[in-house]
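Model, not experiment: these values are computed from the prediction.
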Amino acid sequence: MDNLEKKAEFVSSCIEAYKVRHAMKGADAANMFEKEGVLDYLIDGYDVLHTQSLEYVIDEIELYLKKRGAVR
């Protein structure tokens, strides 16, 4: 698996975990991630973020979205 595939798998796992935590549809979570820049955040921070627990990463995504005013 090359680095691009690893990043895609990581992003997919994050979308899945976020949608489960927030009882959302996967498409809604993915669209929000794209609209609010979460995809870029995850890809840009991949080297550090993928070494953390998924729970930690989802907490970080929530903080990121709150700072952007996308969620409460």
Side-chain angles (χ1 to χ4, degrees):
M1 183 181 307
D2 67 16
N3 202 36
L4 183 58
E5 290 173 322
K6 289 178 184 179
K7 288 180 180 181
E9 185 175 297
F10 172 69
V11 168
S12 178
S13 296
C14 292
I15 292 169
E16 178 69 17
Y18 188 89
K19 76 139 182 139
V20 168
R21 184 183 281 188
H22 294 280
M24 299 174 72
K25 292 181 180 180
D28 293 338
N31 289 335
M32 182 180 65
F33 276 30
E34 182 176 7
K35 178 183 174 195
E36 299 300 335
V38 176
L39 298 178
D40 291 332
Y41 170 75
L42 293 172
I43 292 167
D44 292 345
Y46 173 80
D47 290 339
V48 173
L49 291 173
H50 87 281
T51 65
Q52 305 300 314
S53 72
L54 195 51
E55 183 175 324
Y56 173 86
V57 175
I58 300 308
D59 290 344
E60 288 298 304
I61 291 169
E62 289 172 346
L63 286 173
Y64 175 87
L65 289 168
K66 285 178 184 175
K67 287 180 183 178
R68 291 182 57 90
V71 296
R72 292 182 188 192

Visitor: Is there a chain of hydrophobic side chains (I, L, V, M, F, W, Y, each step under 4.5 Å between heavy atoms) that links Ile43 to Tyr18?
Guide: yes

Visitor: So how far is it from Leu49 CG to Cys14 SG, rounded to the nearest 0.5 Å?
Guide: 7.5 Å

Visitor: Are Lys7 and His50 packed together at the side-chain level, in the sense that at least one heavy-atom pair is separated by less than 4.5 angstrom?
Guide: no

Visitor: For the ring pair Tyr41 and Phe33, is the centre-to-centre distance below 6.0 Å?
Guide: no

Visitor: Would you please test Tyr46 and Asn3 for side chain to side chain contact (heavy atoms under 4.5 Å, CB included) and show each step?
Guide: CA-CA 10 Å; Tyr46 173 80; Asn3 202 36; 3.9 Å; yes

Visitor: Take a 6.0 Å sphere around CD of Gln52 and say whether it holds more than 12 heavy atoms from other residues, nucleotides or ligands.
Guide: yes

Visitor: Is the number of heavy atoms from other residues, nucleotides or ligands under 6.0 Å of Glu5 CD greater than 12?
Guide: yes

Visitor: Group every Ile, Leu, Val, Met, Phe, Trp and Tyr by side-chain heavy-atom contacts under 4.5 Å, then state whether Val57 and Val71 land in the same group.
Guide: yes

Visitor: Do Glu60 and Leu63 have side chains that get closer than 4.5 Å, going by heavy atoms?
Guide: yes

Visitor: Quick one: closest heavy-atom pair of Leu54 and Ser13, and the distance?
Guide: CD2-O, 4.1 Å

Visitor: State the CE-CD1 distance between Met32 and Ile61, to the nearest 0.5 angstrom.
Guide: 8.5 Å

Visitor: Would you say the side-chain atoms of Tyr64 pair up with the backbone N or O of Glu36, donor to acceptor, closer than 3.5 Å?
Guide: yes

Visitor: Quick check: do Asp59 and Arg21 have side-chain heavy atoms less than 4.5 Å from each other?
Guide: yes

Visitor: For Met24, is there any backbone N or O sitting under 3.5 Å from a side-chain donor or acceptor partner on Asp28?
Guide: no

Visitor: I need the minimum non-hydrogen distance between Asp47 and Thr51, along with the two atoms involved.
Guide: O-CG2, 3.6 Å

Visitor: Is there side-chain contact between Val38 and Ile15, with at least one heavy-atom pair below 4.5 Å?
Guide: no

